[in-house]
Structures are given as C-alpha cells and as structure tokens.
Amino acid sequence: MKQYWKPGNMLYPVPAVMVTCQRPGEKPNIITIAWAGTVCSDPAMVSISVRRERYSYAIIQQTGEFVINLTTKRLAKAADFCGVRSGRAQDKFAETGLTPCASQTVSCPGIAESPVNIECRVTEIKHLGSHDLFLAAVECVSVDSSLLDEEGSLQLDRSGLVAYSHGGYFELGRQLGSFGYSVRKKNPPKKRRGK
C-alpha cells in the first residue's frame, strides 16, 4: 500500500556536484549542488538550481559562468564541506585542500582533483521559488586522461562517482545494463548440422 508524501524533491538519487565560480579579483568559491542535470544534448546544455541567499548565487548571477566538477568517493567529504559551509567566511579550496585548475573558456577555475570539469556559460535564470534555475550552455569539458580507454571513450565507471539521496552520499555501484539492452536481439541459436 502506498502512502501520500509531502511535495518536494522525490527524484532521488541525484548527482552531487561541486560547482566553482569566481568574481574577478576575488578568491574562487565552491558550492555543492544536488539539483543539477543535463537538459539538452545538441547544443549541450545543463542546469543547476541555487538558493538566492547562497554566497555563490550572486557570483554566478553577476559573472554568468561556472564550472561543474563531478564528485567521486575520494571527494565526498570535501563536497559535503562545500555544501554546509559558506564561502563568505572561508576559502573552501584552502580548507579542503582542493586545487583550482585553469579553465579553457571561462574565467573561474575547475577542481583539479575532479575527473570531469564542465565549463558553463549562463543563458537564462528562471526564478522558481526556494531556488532559481541557472540554464547554461556547455562551453568546454575537461576529462582526466586516466578515464579514457584505448579508443578514447570515456569510462566514468572507473572514477567512483557519487550520488546524493535523502541526505546521504552513495558511491555508484555495478552496471545493470547499457542503453538499449532491453530490446537488443540475442544471438540466435546456431543450427545443428545433420538435423
């Protein structure tokens, strides 16, 4: 029997990503975002939702750019710290020991320890309620070369990515299938000779 539940975010798990941003002449900041996602593949676009009172909100609103840094098991503690502490009073790079790395197309840095850095430029801000949605074009993606196989395909399963669900961080586990596996034809049985 199902029970009715209060409205809210029930689409769990979600990615736990660290978003970096920076005003010119100021220290870079990191905010952990759980409400982030791909919204279009061509052109490549993403979204993040941020509360207006968060320190990073004004930075992203004013500069129009940010970097999404994917979070791994090794980065989970730093991601949690960056989600519960404010950059107004702390240098989160210094506090977590993370390393800022130069971006190719935006002026704010990425996080060197993250396996994937997605450089984004804001195209629209939608005022929604508790959060505002930043819709952004993906300008550049940097990937740790250790995650590329011999053919140059990205193997993110090697990185130990983290998801967030109802207040907890979880490392992603084993693969259950691949796109289209439910309709893929199985190899037909071989015909036996002489029958």
Side-chain angles (χ1 to χ4, degrees), residues 2 5 8-21 29-51 54 56 60 66-85 92-93 95-101 103-104 108-120 131 133-184 186:
K2 295 209 177 188
W5 195 256
N9 184 19
M10 298 307 296
L11 291 176
Y12 284 114
V14 292
V17 298
M18 291 185 284
V19 173
T20 46
C21 55
N29 192 47
I30 308 168
I31 180 175
T32 299
I33 301 282
W35 296 350
T38 301
V39 295
C40 187
S41 56
D42 188 14
M45 297 188 77
V46 294
S47 70
I48 60 171
S49 292
V50 186
R51 289 183 179 271
R54 296 296 298 265
S56 295
I60 296 169
F66 58 89
V67 179
I68 295 175
N69 304 275
L70 298 190
T71 302
T72 63
K73 178 181 178 180
R74 290 192 330 214
L75 296 173
K77 190 170 183 180
D80 183 67
F81 181 88
C82 292
V84 297
R85 293 287 188 241
K92 294 184 189 179
F93 275 100
E95 292 288 333
T96 60
L98 296 175
T99 311
C101 62
S103 296
Q104 299 296 311
C108 54
I111 297 172
E113 292 80 4
S114 174
V116 178
N117 312 108
I118 305 168
E119 300 174 24
C120 306
H131 292 68
L133 182 136
F134 289 85
L135 190 62
V138 173
E139 300 291 329
C140 183
V141 178
S142 299
V143 177
D144 189 319
S145 59
S146 68
L147 298 178
L148 300 175
D149 66 15
E150 302 77 36
E151 286 82 39
S153 295
L154 182 60
Q155 304 296 313
L156 268 179
D157 57 310
R158 296 180 187 170
S159 65
L161 290 178
V162 168
Y164 179 81
S165 184
H166 293 280
Y169 300 93
F170 298 87
E171 182 179 10
L172 296 181
R174 70 183 171 88
Q175 181 177 339
L176 302 176
S178 60
F179 182 76
Y181 85 104
S182 64
V183 295
R184 198 169 295 127
K186 295 182 173 103

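Fair warning: this is a prediction, and the values are worked out from it, not measured in the lab.
Put simply, the side chain of Ile68 does not reach to within 4.5 Å of the side chain of Asn117, judged on heavy atoms. Looking only at side-chain heavy atoms (C-beta outward), Phe170 and Ser165 come within less than 4.5 Å of each other. Residues Val17 and Leu70 are in side-chain contact: their nearest non-hydrogen atoms beyond the backbone lie under 4.5 Å apart. Residues Ile31 and Ile48 are not in side-chain contact: their nearest non-hydrogen atoms beyond the backbone lie 4.5 Å or more apart.
Shown here for Glu119 and Gln104, the closest heavy-atom pair between the two residues is OE2-N, 2.8 Å. Minimum heavy-atom separation, Pro15 to Ala36: CG-O, 3.5 Å. Here the shortest heavy-atom pairing between Cys21 and Ile60 reads CB-CG1, 3.8 Å. Shortest non-hydrogen contact noted between Ala78 and Met18 is C-SD, 4.2 Å. Cys82 and Arg54 get closest at one heavy-atom pair: O-NH2, 3.9 Å.
Under the 3.5 Å distance criterion, the side-chain polar atoms of Lys92 are matched with a main-chain donor or acceptor of Ile30. Counting only distance, with no hydrogens or angles, the side chain of Ser49 and the backbone of Leu133 share no donor-acceptor pair below 3.5 Å. At least one donor-acceptor pair closer than 3.5 Å links the side chain of Arg158 to the backbone N or O of Ser146. In this structure, the side chain of Ser103 engages the main chain of Cys108 through a donor-acceptor pair within 3.5 Å. A donor-acceptor pair under 3.5 Å is formed between the side chain of Arg184 and the backbone N or O of Phe179. Glu113 contributes no side-chain N or O that, together with a main-chain N or O of Leu75, makes up a donor-acceptor pair within less than 3.5 Å. Of the possible donor and acceptor atoms, none in the side chain of Thr38 sits under 3.5 Å from a partner among the backbone N and O of Cys40.
Within 6.0 Å of the CD atom in Glu95, the count of heavy atoms belonging to other residues, nucleotides or ligands exceeds 12.
To the nearest 0.5 Å, the span separating CG on Leu172 from CG on Leu156 amounts to 9.5 Å. Residue Leu98 holds its CG atom at 5.5 Å from CD1 of Ile111, rounded to the nearest 0.5 Å. How far OH of Tyr164 is from OG1 of Thr32: 10.5 Å, rounded to the nearest 0.5 Å. The CG atom of Leu147 sits 9.5 Å away from atom OG1 of Thr72, with the distance rounded to the nearest 0.5 Å. With rounding to the nearest 0.5 Å, the separation of OG1 in Thr96 from CZ in Arg85 is 13.0 Å. The OH atom of Tyr169 sits 3.5 Å away from atom CG of Asp80, with the distance rounded to the nearest 0.5 Å.
Aromatic ring orientation, Phe66 versus Phe134: perpendicular (interplanar angle above 60°, classes split at 30° and 60°).
With 3.5 Å as the limit, one finds a donor-acceptor pair spanning the side chains of Thr20 and Asn69.
Not counting sequence neighbours, Phe93 has no partner by the ring pair (Phe, Tyr, Trp, His ring centres under 6.0 Å) test.
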